[in-house]
Amino acid sequence: MLPPYSRRSHSFQPDCHGAHDAPARIHGKIPSALNALYYAQRASAALIISESTEVDPFSAIDVPTRPGLTNDEQEAGWRLVTDAVHAAGGKIYIQLSHMGRTAHPSQLLNGRQPVGPSALAAAGTVYTAKGAEPYAAPRALEIAEIGDIVAEFAEAAARARSAGFDGIEIHGANGYLIDQFLRDGSNVRDDAYGGSVKNRTRFLLEIIEAAKAHWPGNRIGVRLSPTNTYQGMSDSDPVRHFAEIAGLLGPEGLAYLHVVAPPVQPEQYVNVVDSTPAAFHRPLILAGGYKRDDAERALTTGTADLIAFGEAFISNPDLPQRWYQRATLNAADKSTFYTQGAKGYTDYASLELVAD
Ligand SMILES: Cc1cc2nc3c(=O)[nH]c(=O)nc-3n(C[C@H](O)[C@H](O)[C@H](O)COP(=O)(O)O)c2cc1C
């Protein structure tokens, strides 16, 4: 029997790119009043899905900008956020995530080796304190360790409930651990967690089942990115595999499936959503570079039930109102993404409200 996963292998990769003297947005992985303000400013969204939040209590120890939900202090920090969003009339789900092989040893406790479904390093480089470095080769998780990580997701799901969230989103996208299990470019296991699509989806399904101890299925969303190559991801047959994964998720009665599927795919990518059979899981949220018109088209043609927006909502706290009025949008300042303090975070202007 292996010692618990969380005491022997830690994975973390910050997505921050520097720190300023301004107050931290996330200090000690604990959300602050500034985070509460940021989210509350965006409460006019139909649903806010939070930033990716760590479920592993031993990862990201010294990284100030990545939140966790693994202890009482973090839970109390998130309570500030949920209270502020609810007071402003909004709804918020928290996105729960594990970094898996995308962690770099320099960011892990005691320089440990990252973990993944298989001992396959991601192609490309990862941002570290020393700049860009190649991804490290991960250690393939033992079966018992997989159960430990499922338990970590369940613990975070329980804390999400106590912290006052309206639901959770399980982060199965963008090259993190669940995505690494789902896609055959990163999962070459020959046990119950590899090989067939059903086996590769087992980890995700176990996390959903464990989360259901704390949430009804219709308060649990899942995010997937079947064609995204971010963080060295690949799959041999994304359309077929994605359709099968969506089929396996169908009986789970989820709140939604959230798919990164840009309205305009680069030529080399297939459009998984267009190519997926009618049995595809609903409600469906699509995301990835949607503008107002793309979004309206996807909604009116029935391709999607909801559209999620990233950058436009960062720089336009009142995005629905702006689109309703067909007002000009604030441009996002990419140089302030992942930095600290209020600049480029809570200082984007809303429209002046005009009385009728
Ligand atoms: C600053 C920033 C942070 C992001 N953080 C996350 C994240 O934590 N989890 C996630 O699934 N996607 C994250 N994304 C990706 C967005 O959810 C979205 O998929 C992407 O930005 C494309 O959509 P957009 O063109 O509407 O921005 C982030 C994007 C940006 C710009």
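Ligands are counted one by one from 1 in listed order, and the atoms in each one are counted from 1 as well. Hydrogens, waters and symmetry mates play no part in the numbers below; they use all other heavy atoms, side chains included.
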Undergrad: Are Leu205 and Tyr256 joined in one hydrophobic group, where the rule is that I, L, V, M, F, W and Y side chains link up if heavy atoms are under 4.5 Å apart?
TA: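 As far as the 4.5 Å side-chain criterion goes, Tyr256 and Leu205 are not connected within one cluster.
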Undergrad: For a salt bridge (Lys or Arg N to Asp or Glu O under 4.0 Å) check, start with the C-alpha distance between Asp294 and Lys291, then their side-chain angles and the critical distance, and finish with the verdict.
TA: CA-CA 5 Å; Asp294 305 314; Lys291 308 282 180 238; over 6 Å; no
Undergrad: Would you say ligand 1 has an N or O under 3.5 Å from any N or O of Ser50?
TA: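 No.
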Undergrad: Can you find an N/O atom of Arg223 closer than 3.5 Å to an N/O atom of ligand 1?
TA: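 N/O-N/O distance below 3.5 Å exists for this pair.
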Undergrad: Out of the candidates His171, Gln95, Arg223, only one should pair with His258 under the side chain to side chain donor-acceptor pair (under 3.5 Å) rule; please name it.
TA: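 That would be Arg223.
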Undergrad: Relative to each other, are the rings of Tyr38 and Tyr345 parallel, tilted or perpendicular (30° and 60° limits)?
TA: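 Geometry flag for Tyr345 against Tyr38: parallel rings.
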Undergrad: Please confirm whether Ile49 comes under 4.0 Å of ligand 1, counting heavy atoms of the residue only.
TA: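 In this structure, Ile49 fails to qualify as a contact of ligand 1 - no heavy atom is under 4.0 Å.
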Undergrad: Output yes when the distance from some N or O of ligand 1 to some N or O of Ala308 is under 3.5 Å, and no in every other case.
TA: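 No, there is no polar N/O contact under 3.5 Å.
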Undergrad: Find all atoms of ligand 1 within a distance of less than 4.0 Å from any non-hydrogen atom belonging to Tyr338, and give their numbers and elements.
TA: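 Listed by number with element: 1 (C), 2 (C), 3 (C), 4 (C), 30 (C).
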Undergrad: Counting each atom of ligand 1 from 1 as listed, which ones have a heavy atom of Gly289 under 4.0 Å away?
TA: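 Here the atoms of ligand 1 in question are 22 (C), 23 (O), 24 (P), 25 (O), 26 (O).
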Undergrad: Between Asp179 and Arg183, does any NZ, NE, NH1 or NH2 come within less than 4.0 Å of an OD or OE carboxylate oxygen?
TA: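 Looking at Asp179 together with Arg183, the answer is yes, because their closest N to O distance falls below 4.0 Å.
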Undergrad: If the cut-off is 4.0 Å to any non-hydrogen atom of His171, which atoms of ligand 1 fall inside it?
TA: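 Selected atoms, number and element: 9 (N), 10 (C), 11 (O).
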Undergrad: Mark the output for Ala173 as yes if a heavy-atom distance to ligand 1 is under 4.0 Å, and as no if none is.
TA: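 Flag not set, Ala173 not near ligand 1.
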Undergrad: Which atoms of ligand 1 sit under 4.0 Å from any heavy atom of Phe337?
TA: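 Atoms satisfying the 4.0 Å criterion: 1 (C), 31 (C).
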Undergrad: Taking Asp191 first and then Arg189, would you say they form a salt bridge - that is, a charged N and a carboxylate O separated by under 4.0 Å?
TA: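 So Asp191 pairs with Arg189 through a salt bridge.
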Undergrad: Using 4.0 Å as the upper bound for N to carboxylate O, is an ion pair formed by Glu155 and Arg159?
TA: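 Looking at Arg159 and Glu155, the cut-off is met.
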Undergrad: Between Phe313 and ligand 1, which part of the residue brings a heavy atom under 4.0 Å of the ligand: side chain, backbone, both or neither?
TA: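 Answer for Phe313: neither.
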Undergrad: Going by the angle between their ring planes, with limits at 30° and 60°, are Tyr193 and Phe181 parallel, tilted or perpendicular?
TA: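 Geometry flag for Phe181 against Tyr193: perpendicular rings.
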Undergrad: What atoms of ligand 1 come within less than 4.0 Å of a heavy atom belonging to Phe309?
TA: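 The list of qualifying atoms is 26 (O).
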Undergrad: Heavy-atom contacts with Glu51 under 4.0 Å: which atoms of ligand 1 show up? List them by number with element.
TA: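 In order of number, 8 (O).
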Undergrad: Just checking, any donor-acceptor pair under 3.5 angstrom between side chains of Glu311 and Ser315?
TA: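 No, because no side-chain N or O of Glu311 sits under 3.5 Å from a partner of the opposite role on Ser315.
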Undergrad: Which of the numbered atoms in ligand 1 are under 4.0 angstrom from any heavy atom belonging to Asn174?
TA: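 Every atom of ligand 1 under 4.0 Å from some heavy atom of Asn174: 10 (C), 11 (O), 12 (N).
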